[in-house]
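The model shown is predicted, which means the values in this text are computed figures rather than measured ones. Lettering of chains follows the sequences in order, A, B, ..., and the numbering in each one begins at 1.
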Protein chains: 2
Amino acid sequence: MDERVIPPSPLLSSEEALGLHNRDELVRAVAEALAKSQLEDVRTLVSNLHYSDGARLFERLSADQRRALIDVMRLDFDAEILCALDGTVREEVIASLGFTDLAAALRELDSDDAVHLMSHLSEDEQAHVLAALPIEDRTIVTQGLSYPEYSAGRLMQRELVAVPAYWTVGQTIDYLRENQNLPEEFYDFYVVDPRHRPAGRVALSRLLRTCQPVRLQEILDPAVQSIAVTMDQEEVAVLFREHDLVSAPVVDRSGRLVGVVTVDDVVDVIDEEAADDMLRLGGVAEPDLYQAVIDTTRSRFNWLLVNLGTAVLTSSVIGLFDAAIEQLVTLAVLMPIVASMGGNAGTQTLTIAIRALATRELSTANAKRVLGKEILVASLNGVLFAVILGVVTLVRFGILEISLVIAAALVINMTCAGFAGFLVPLGFERMKIDPAVASPAFVTTVTDVVGFFAFLGLATWLLL
Amino acid sequence: MDERVIPPSPLLSSEEALGLHNRDELVRAVAEALAKSQLEDVRTLVSNLHYSDGARLFERLSADQRRALIDVMRLDFDAEILCALDGTVREEVIASLGFTDLAAALRELDSDDAVHLMSHLSEDEQAHVLAALPIEDRTIVTQGLSYPEYSAGRLMQRELVAVPAYWTVGQTIDYLRENQNLPEEFYDFYVVDPRHRPAGRVALSRLLRTCQPVRLQEILDPAVQSIAVTMDQEEVAVLFREHDLVSAPVVDRSGRLVGVVTVDDVVDVIDEEAADDMLRLGGVAEPDLYQAVIDTTRSRFNWLLVNLGTAVLTSSVIGLFDAAIEQLVTLAVLMPIVASMGGNAGTQTLTIAIRALATRELSTANAKRVLGKEILVASLNGVLFAVILGVVTLVRFGILEISLVIAAALVINMTCAGFAGFLVPLGFERMKIDPAVASPAFVTTVTDVVGFFAFLGLATWLLL
């Protein structure tokens with residue numbers, strides 16, 4: 001046979017590789033074929049589609065088009081598409097698919113993906129799908145769902161390779177060749193003791209390159225870190241990232257190997273956890289691109305309501321000084337500058353603290369040192385900007401006292417911003433409250449209140 | 001041999017698995033031994049340390065302790081520690097280590113790690129280290145450094161397995177067994193055509209489970225997506241995440257296979273890219289926990305300076321209406337509420353847009369639809385909060401006109417916030433300017449200026 005019959009895979013530019021252009025074209029072609037009811041064309045277009053491209057296709061279509069497309073794909077629906085879908089669209093697609101076809105699609109998934117998908121259904125829906133599953137799959141999925149949400153138990157897949165340490169390389173290779181119940185693709189496997197507790201890991205490349213009579217004992221890497229089924233997925237992600245893991249064994253309370261977490265699942269967790277902090281700091285609960293307007297409005301309303309409360313509080317601080325403002329209106333013109341600079345300095349420290357908490361670089365052991373540094377940085381910048389703003393104010397309004405007052409207020413507020421930006425998230429973390437959700441409103445309230453109070457208070461005391 | 005001689009790996013709780021306690025204790029023990037100059041104890045403590053634990057240890061020690069520890073570890077310094085170190089600490093450790101020992105440590109690294117480490121040195125330092133490397137390593141590192149920063153070329157490792165498609169499984173296994181120049185650990189390998197262009201990928205598990213006489217042609221997965229050496233690492237990360245890749249072949253301009261990117265390198269990129277957006281939105285350039293106070297102050301100063309400029313601009317908008325405020329001081333008390341609500345609504349939309357741009361869910365094809373939704377959500381919430389705030393104002397101040405004015409200003413400002421929060425980042429993205437860096441100051445300036453202008457302007461027009 002001539003090897004040249006295989007065409008080389010094409011060289012892709014950045015955009016082509018991401019399939020952006022192709023995706024837009026695919027959406028257009030599918031929509032057109034659906035409109036003309038050319039179902040065979042639709043089938044051709046979506047056959048052999050990578051599931052992530054399939055998911056993006058569904059997301060881009062209208063609700064009617066989605067339903068029509070599901071009818072075309074129903075019989076051999078790739079459930080991996082559901083795993084890759086945005087939450088809102090997934091609910092819609094699952095509803096159109098119906099429980100029987102959903103159960104049929106679920107059976108083709110690895111156990112971790114099946115459990116993940118089921119976890120997005122309501123209890124009622126779960127019961128319907130479970131009833132449509134064969135008994136062995138039902139047991140696996142039910143067991144998976146029994147672990148707490150966001151735990152390693154939910155993340156792990158139960159298909160794995162585990163062999164005893166006294167086996168030889170040759171024996172192991174024969175076992176891998178003959179056993180039909182192995183995962184479709186795997187990169188390493190685990191050696192277990194007689195109680196089925198993990199004793200080490202062997203990479204397939206190592207196995208392949210070792211002579212057949214050697215026992216696994218001699219080549220296993222004993223430095224495996226077992227993960228408890230109850231470990232939070234965020235901790236799992238930190239562990240994988242820090243130790244460059246490709247897979248890790250998951251064990252139950254008695255230390256028995258019950259599953260394996262692989263890096264491709266962790267990649268999604270890492271991405272989501274890092275992004276979640278950003279979204280929470282920005283006052284949104286989740287990326288809601290495909291959510292209905294009314295649901296999005298409602299979910300953002302809560303955050304804005306908290307902010308209204310803090311804004312009214314701030315406003316009442318200003319109200320305390322209305323007599324001073326009436327006498328010297330320049331105070332009203334300048335006061336937002338003090339509050340805004342404090343808010344920004346506080347947000348800087350807060351962002352650093354949230355990130356350091358997420359990467360576990362910040363702990364009780366070094367909190368004091370980092371706090372000291374943050375206060376120093378914030379107050380140093382406070383002094384620098386006090387000088388700048390003092391001069392600007394003097395030039396603009398020509399009143400030395402006002403420029404001294406605003407300079408002093410700025411130093412006070414920016415130093416407080418350093419304290420608040422650091423201590424507020426650390427406090428919430430210690431109270432087991434998500435610091436990224438709870439801190440921003442607190443920190444800006446502190447910098448607003450302190451900013452207005454310091455500036456207007458000093459002005460009343462010194463100028464009037 | 002009895003398999004029970006191998007102790008099971010311990011079951012770790014979340015915190016133990018992350019080694020937080022152990023790390024704190026390790027730091028204390030090492031510091032103590034260094035203080036007493038018990039160098040043998042130090043050596044025992046740090047031997048067999050995972051490189052990421054070694055990196056965390058260095059980060060926690062003082063500068064003097066770091067230097068002393070390097071002297072202990074110098075002769076067999078694990079260069080992977082350098083890869084895992086925070087930037088500021090890495091510079092310090094590299095300086096203490098010196099070029100000769102650094103070069104010796106570099107030689108033990110995979111090519112991707114060596115190139116990554118070198119890229120952090122100045123050109124001058126690079127020249128010194130290169131001179132200390134043997135010729136073949138020098139060539140590889142120099143070639144790696146010739147690719148643009150943050151490109152797939154920098155990320156890839158050059159050690160890889162590539163075999164022709166006409167080889168049989170048996171031939172391939174023999175080759176893998178006998179060849180000494182293979183990567184230490186690998187999960188799959190590539191099949192190449194006679195011009196060395198990738199034609200497919202074979203997972204080791206697939207190879208192991210196929211009969212020896214079968215040709216690779218029959219078992220290869222032809223759906224490999226080649227990555228151009230110049231592709232940006234952010235695009236590489238999106239590709240890996242979307243397609244759940246474990247590795248991907250990297251090809252040069254003529255399509256020849258030159259390297260392979262593996263998922264463990266991409267995990268770091270995914271985490272950093274997602275976190276970078278958060279940090280930039282928060283007005284900080286990078287996580288700077290270990291940076292000197294003066295450097296941190298300087299890097300945050302720039303962002304605060306931009307903010308001072310926009311705050312002064314906002315303040316001059318208020319200055320336009322000083323006569324109105326003098327007449328009715330309640331305006332000064334209420335005006336920050338309008339600005340603050342707009343700022344928060346704008347930040348919500350901005351955060352969603354930045355995330356959607358990063359995940360490539362937002363493109364020119366669906367920008368209009370998402371914009372429409374964001375405007376709708378922002379103005380809907382604007383109307384809701386206008387009613388709430390209008391009533392609160394009426395109850396508090398008892399002046400109907402003021403409560404109508406603040407309600408109207410709020411609707412205007414929150415609608416503008418929706419526009420600005422979406423269009424500003426999209427505009428910067430199209431201008432190839434990082435939207436996460438440039439947008440926040442712009443968006444809050446818009447909401448501040450529009451907020452104060454709408455409220456004070458309407459009040460002047462209707463009330464005075």
What residue in [options] has the most heavy-atom pairs under 4.5 Å with chain A?
options	answer
B:Ile325, B:Val161, B:Asp265, B:Val266	B:Ile325
B:Leu305, B:Thr359, B:Thr349	B:Leu305
B:Leu380, B:Thr296, B:Ile388, B:Leu334	B:Thr296
B:Leu279, B:Leu331, B:Val370	B:Leu279
B:Arg241, B:Arg195, B:Glu80, B:Met335	B:Arg241
B:Leu304, B:Val267, B:Asp264	B:Leu304

If you count heavy-atom pairs under 4.5 Å between each of [options] and chain B, which one has the most?
options	value
A:Phe301, A:Trp303, A:Trp167, A:Phe186	A:Phe301
A:Gly319, A:Ala332, A:Pro183	A:Ala332
A:Leu389, A:Val392, A:Asn381, A:Ile354	A:Asn381
A:Glu326, A:Arg355, A:Arg396	A:Arg355
A:Asn307, A:Leu182, A:Asp322, A:Ile270	A:Asn307
A:Val293, A:Asp271, A:Ile337, A:Val284	A:Asp271

For residues [X] and [Y], is any side-chain donor paired with an opposing acceptor at under 3.5 Å?
X	Y	answer
A:Thr347	A:Asn344	no
A:Glu185	B:Ser205	no
B:Asp448	B:Thr310	no

Engaged part of [X] at the chain A interface, taking heavy atoms whose separation is under 4.5 Å:
X	value
B:Leu384	side chain
B:Leu350	neither
B:Val263	side chain
B:Asn366	side chain
B:Arg206	neither
B:Thr444	neither
B:Val312	both
B:Leu176	both
B:Thr314	neither

Main chain of [Y], side chain of [X]: is a donor-acceptor contact present, judged purely on distance under 3.5 Å?
X	Y	value
A:Arg209	B:Arg177	no
A:Ser315	B:Val333	yes
A:Lys373	B:Gln291	yes
B:His50	B:Ser52	yes

Give, as side chain, backbone, both or neither, the part of [X] having an atom under 4.5 angstrom from any heavy atom of chain B.
X	value
A:Glu59	side chain
A:Phe452	side chain
A:Val246	side chain
A:Tyr51	side chain
A:Asn179	backbone

Could you walk me through whether A:Leu289 and B:Ile352 satisfy the side chain to side chain contact (heavy atoms under 4.5 Å, CB included) test, starting with their C-alpha distance in whole Å, then the side-chain angles of each, then the deciding distance to 0.1 Å, before giving a yes or no? CA-CA 8 Å; A:Leu289 233 48; B:Ile352 289 292; 3.9 Å; yes
CA sep, side-chain torsions, deciding dist, call: B:Leu207, A:Leu208, side chain to side chain contact (heavy atoms under 4.5 Å, CB included): CA-CA 10 Å; B:Leu207 183 79; A:Leu208 248 174; 4.1 Å; yes
Heavy-atom closest pair, residues B:Arg56 and B:Ala84: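 Here B:Arg56 and B:Ala84 meet closest at NH2-O, 2.7 Å.
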Kindly write out the residues that satisfy salt bridge (Lys or Arg N to Asp or Glu O under 4.0 Å) with B:Asp244, not counting sequence neighbours, or none if the list is empty.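 For B:Asp244 there are no salt bridge (Lys or Arg N to Asp or Glu O under 4.0 Å) partners, ignoring immediate neighbours.
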Would you please name every residue forming a salt bridge (Lys or Arg N to Asp or Glu O under 4.0 Å) with B:Arg300, sequence neighbours left out?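 Partners of B:Arg300 by the salt bridge (Lys or Arg N to Asp or Glu O under 4.0 Å) criterion, ordered by chain and then number, come out as A:Glu374, B:Asp288.
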Hey, are the side chains of A:Met414 and A:Phe385 touching, using non-hydrogen atoms and a 4.5 Å cut-off? yes
Using a strict 4.0 Å threshold on nitrogen-to-oxygen distance, state whether B:Glu235 and B:Arg360 make a salt bridge. yes
B:Tyr187 OH to B:Leu204 CG distance, which is reported to the nearest 0.5 Å: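 With rounding to 0.5 Å, OH (B:Tyr187) is 10.0 Å from CG (B:Leu204).
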